[in-house]
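Structure first, then comments.
Source: prediction; values computed, not measured. Note on naming: letters A, B, ... go to the chains in the order of the sequence lines (proteins, then strands), and numbering restarts at 1 for each one.
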Amino acid sequence: MELVILIVLSLVVIFSAVFAVIVKTLTSAVIASGAVGLFASVMYIIYDAPDVALTEAAIGSGLMTVVFFLILSRMRRDENG
Amino acid sequence: MVRNLFIIFILAGVASMFAALALGYSDPVALGSAASHYVSKGLAELNGVNIVTSVVVTYRGLDTLGEVTVLFLTASILSFFLKNRSHETKSESSELLTTASKVIFPFIFMTGLYIVMNGHLTPGGGFQGGAVVASALLLLILADNKTDGSPTLFTVLESVSGIFYVGTGVAGLILAGGFLDATVLGAGITGRLLSAGAIPLISTLIGLKVGSELSTMLVKLKNASEV
């Protein structure tokens, strides 16, 4: 059962990572790269590494996504004016 | 065509390098000498129930100091390159974000403090808790467009906690076995909040430092994106 969950999660992680590379809009790419961190942190919990999972969830999927969005908004404003 | 062939050639080269690694891998059956010391003696030496935090904060404390230094460098470089445009006119944040952040903020903030303080008892520690605290502060920063995020407070917090962090390490060098040795303080009773030597102290200092560094970076990025 645990193996099945791990295989599904790793497929989702790989799918999100590939999606982040090939998708056309930057916003979707940022969301997809955040999803990679989120599902990876669930995998860390299954592997009995809650310490790493906490870091991955807070920084990998939380703060990094926001940093990307802040930079994206700055880029848009620079383009407009 | 030639470029594609070149890319495939490089990919095949990388793949063959990793294939050698992957084929030579076998599951470790026994702990290494350092790891077995941490597992067998860690609890007796420090009374830290969560051995991962004992390793991260004390046994391999220098690595954590390096991580925090890298974070500090990143924050410094960001503040060097991003010009602060906070004096210009600002738009209001949306009502939804302002209200929701007021409701959620205390819970995320307290969770972060709990993770920092209980690093030696439950999963977590300074780095993880600091990141959670910073993400709670991020909500406030995003919700309130009027403030400039009091960068002076974060700078002072960051510097003071950094000085005390290194100071604790030097105290370990003088009074105990080595740099960042947590046995400078008593081991205490197993499972209490104030136990496991200096681990709660070092963990709190790392949490303050990481939280203020990440918050400074976010404030800089936010103010710079404000036109």
Note to self: If I measure from the heavy atoms of chain A, does L218(B) come under 4.5 Å with its side chain, its backbone, both, or neither?
What the structure shows: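 For L218(B), the contact with chain A is made by backbone and side chain together.
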Item checked: Over 12 non-hydrogen atoms of neighbours within 6.0 angstrom of CZ in F105(B) ->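 Yes, CZ of F105(B) has more than 12 neighbouring heavy atoms, counting only those of other groups under 6.0 Å.
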Item checked: Atom CZ of F69(A) with >12 non-hydrogen neighbours under 6.0 angstrom ->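 More than 12 within 6.0 Å, yes.
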Note to self: Has D51(A) got a side-chain atom pairing as donor or acceptor with G124(B)'s backbone, closer than 3.5 angstrom?
What the structure shows: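 Yes; judged by distance alone, with no hydrogens or angles, the pair exists.
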Between side-chain atoms of residues 4-13 of chain B and protein atoms elsewhere (two or more places apart, or another chain), which donor-acceptor pairs fall under 3.5 Å?
none

Note to self: Using 0.5 Å steps for rounding, measure from the CE atom of M217(B) to the CG atom of L70(A).
What the structure shows: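 It comes to 11.0 Å.
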Notebook entry, point to check: Nearest 0.5 Å, what's the CG-OG1 distance between L54(A) and T122(B)?
Noted result: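 One finds 9.0 Å between CG of L54(A) and OG1 of T122(B).
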Margin query: Using a 4.5 angstrom heavy-atom cutoff, name the option from V132(B), L138(B), V56(B), T53(B) with the most pairs to chain A.
Written below: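 Sorted descending by pairs with chain A, the first entry is L138(B).
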Check: With sequence neighbours left out, what residues match L6(A) under side chain to side chain contact (heavy atoms under 4.5 Å, CB included)?
Finding: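 Result, side chain to side chain contact (heavy atoms under 4.5 Å, CB included) vs L6(A): M43(A), I46(A), Y47(A).
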